[in-house]
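A short write-up of the structure that comes next.
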Amino acid sequence: RDSVASRGLGDVYKRQAFPVADFVVCDDESNDGIASFDLTLINDQVLNGQSSTTFSTTYHTTYIDAIDGSNSLPNNYTNQSANEQVFIRVFNSDYPDCFNITSFNLKVSQQPVANAITDFVMCENDMFDLDLTIFNQDVLLNQDSSDFSVSYYYNQNDAINNVNEINTEIVYTEDIIVFAKVENNSNLDCYAITPIKLTIYRFPFEPYEEIKNLSLIHISEPTRRYA
């Protein structure tokens with residue numbers, strides 16, 4: 001994406017269109033590959049320290065339009081495809097015929113879905129050790145595990161900020177809610193979060209084996225006879 005065209009009148013009007021990184025955003029839940037891009041966020045990259053007063057920028061869908069300075073795109077532009085090339089014309093504000101051109105791509109990453117999970121219920125009178133990865137398949141459903149990753153957290157803020165991740169194994173003695181986070185492996189800014197409630201119900205009496213053993217213990221009393 002180096003500059004590919006320029007035209008001007010010497011050093012007094014020098015301008016440069018610096019290379020620009022691809023502009024990547026997350027899709028919405030429709031995952032149709034279409035999104036809104038604020039093109040003004042690219043200006044600082046393409047100017048790279050050049051004065052925004054001296055130099056102006058316009059954005060175009062074709063190289064020819066960029067050369068001619070015609071059909072410029074609005075600042076808030078909705079792409080037409082998931083990987084669309086855009087051309088930037090950087091020109092001297094006082095003499096627009098002095099310009100340079102570079103390009104970059106608009107890319108839309110797939111938005112993950114964190115599918116809702118039914119409450120997980122256990123009957124237990126003691127602590128319970130659970131491997132949270134048993135939920136991965138249900139959280140992902142039809143999403144490919146090679147494209148999306150699942151991680152778990154004790155609260156939503158930790159999930160958002162990627163801190164204090166649970167190391168898949170969790171030991172709990174009372175009801176608790178954990179949060180499953182699904183991330184797009186190619187763009188970790190694209191994620192979704194869903195809560196999972198882990199519920200423990202207590203047994204109403206001791207486990208069966210203990211009761212059975214107790215039933216074998218009895219006290220023999222002498223037989224009484226009455227005249």
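Quick caveat, the model's predicted, so the values are computed rather than measured.
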inquiry  = Could you measure the distance from the CG atom of Asn100 to the CG atom of Asn92? Nearest 0.5 Å is fine.
reply    = 12.0 Å
query = Is there a donor-acceptor contact under 3.5 Å from the side chain of Asn185 to the main chain of Asp147?
reply = yes
task = Determine whether Gln110 and Asp27 make a side-chain contact, defined as any pair of heavy atoms from C-beta on separated by less than 4.5 Å.
result = no
message = Using only atom types and a distance under 3.5 Å, with no angle test, would you say the side chain of Asp144 pairs donor to acceptor with the backbone of Ser146?
response = yes
request  = Locate the shortest heavy-atom distance separating Tyr77 from Leu73; write the atom from each residue and the value.
outcome  = CE1-CD2, 3.7 Å
inquiry  = If hydrophobic clusters are built from ILVMFWY residues whose side chains come within less than 4.5 Å, do Tyr191 and Val150 share one?
reply    = no
task = Output yes when a side-chain donor or acceptor of Asn187 lies under 3.5 Å from a complementary backbone atom of Val108, and no otherwise.
result = no
message = Let's go through Asn161 and Tyr153 carefully: what are the C-alpha distance in whole Å and the side-chain angles of both, what is the deciding distance for side chain to side chain contact (heavy atoms under 4.5 Å, CB included) to 0.1 Å, and is it a yes or a no?
response = CA-CA 10 Å; Asn161 295 308; Tyr153 302 83; over 6 Å; no
query = How far apart are the closest heavy atoms of Thr61 and Asp65, and which atoms are they?
reply = OG1-OD2, 4.4 Å
message = Could you measure the distance from the CG atom of Asp131 to the OG1 atom of Thr168? Nearest 0.5 Å is fine.
response = 5.0 Å
query = Can you check whether Ser36's main-chain N or O pairs, donor with acceptor, with Thr78's side chain at less than 3.5 Å?
reply = no
task = With the side chain counted from C-beta on, respond yes when Tyr154 and Asn164 share a heavy-atom pair under 4.5 Å apart, and no when they do not.
result = no
message = Is any side-chain heavy atom of Asn184 closer than 4.5 Å to one of Phe148?
response = yes
Spacing of OG belonging to Ser72 relative to NE2 belonging to His60, to within rounding of 0.5 Å = 5.5 Å
query = Side-chain heavy atoms under 4.5 angstrom apart, residues restricted to Ile, Leu, Val, Met, Phe, Trp, Tyr: same cluster for Ile200 and Val178?
reply = yes
query = How far does CD1 of Ile176 sit from CG of Leu198, to the nearest 0.5 angstrom?
reply = 6.5 Å
request  = For the residue pair Thr57 and Thr102, establish whether any side-chain heavy-atom pair is separated by less than 4.5 Å.
outcome  = no
query = Just by distance, do the side chain of Asp22 and the backbone of Val24 share a donor-acceptor pair under 3.5 Å?
reply = no
message = Do Ile134 and Phe120 make a side-chain contact, defined as non-hydrogen atoms from C-beta onward lying under 4.5 Å apart?
response = yes
query = Between Tyr59 and Leu39, is there a donor-acceptor pair closer than 3.5 Å when you use the side chain of the first and the backbone of the second?
reply = yes
message = More than 12 heavy atoms of other residues, nucleotides or ligands under 6.0 Å from CD of Gln137: yes or no?
response = no
remark   = In short, Phe91 meets Phe99 closest at the heavy-atom pair CB-CB, 3.7 Å
inquiry  = In this structure, would Ile196 and Phe179 fall into the same cluster of hydrophobic residues linked by side-chain contacts under 4.5 Å?
reply    = no
task = Considering non-hydrogen atoms only, spot the tightest contact between Ser81 and Ile34 and give its length.
result = N-CD1, 4.1 Å
task = State plainly whether one hydrophobic cluster holds both Phe104 and Leu41, where clusters connect Ile, Leu, Val, Met, Phe, Trp and Tyr through side-chain heavy atoms under 4.5 angstrom apart.
result = yes
request  = Without swapping roles, check the side chain of Glu174 against the backbone of Tyr172 for a donor-acceptor pair under 3.5 Å.
outcome  = no
ask   = So, the side chain of Arg89 versus the backbone of Thr58: is there a donor-acceptor pair under 3.5 Å, distance only?
value = no
query = Tyr152 and Asn136: side chain to side chain contact (heavy atoms under 4.5 Å, CB included), yes or no, with the steps?
reply = CA-CA 10 Å; Tyr152 297 89; Asn136 286 7; 2.6 Å; yes
task = Flag the pair Ile160 / Ile193 as yes when at least one side-chain heavy-atom distance between them is below 4.5 Å, and no otherwise.
result = yes
key: Smallest separation among heavy atoms of Ala21 and Gln45, with atom names   = N-OE1, 3.2 Å
remark   = Distance col, row Ile166:CD1 vs Lys181:NZ, nearest 0.5 angstrom, shows 13.0 Å
inquiry  = Could you report the tightest heavy-atom contact between Ile177 and Pro195, atom names first, then the distance?
reply    = CG2-CB, 3.9 Å
ask   = Below 4.5 Å, heavy atoms only, C-beta onward: do Ile42 and Val86 meet side chain to side chain?
value = no
key: Minimum side-chain heavy-atom gap Asn115-Thr194 below 4.5 Å   = no
Nearest-0.5 Å distance, NZ of residue Lys107 to CZ of residue Phe37 = 11.0 Å
inquiry  = Run the side chain to side chain contact (heavy atoms under 4.5 Å, CB included) test on Val113 and Glu29 for me, step by step, so that the C-alpha distance in whole Å, both residues' side-chain angles and the decisive distance to 0.1 Å come before the verdict.
reply    = CA-CA 8 Å; Val113 176; Glu29 292 183 358; 5.9 Å; no
message = Using modelled atom types and a 3.5 Å cut-off, is there a donor and acceptor pairing between side-chain atoms of Asn79 and backbone atoms of Ala35?
response = yes
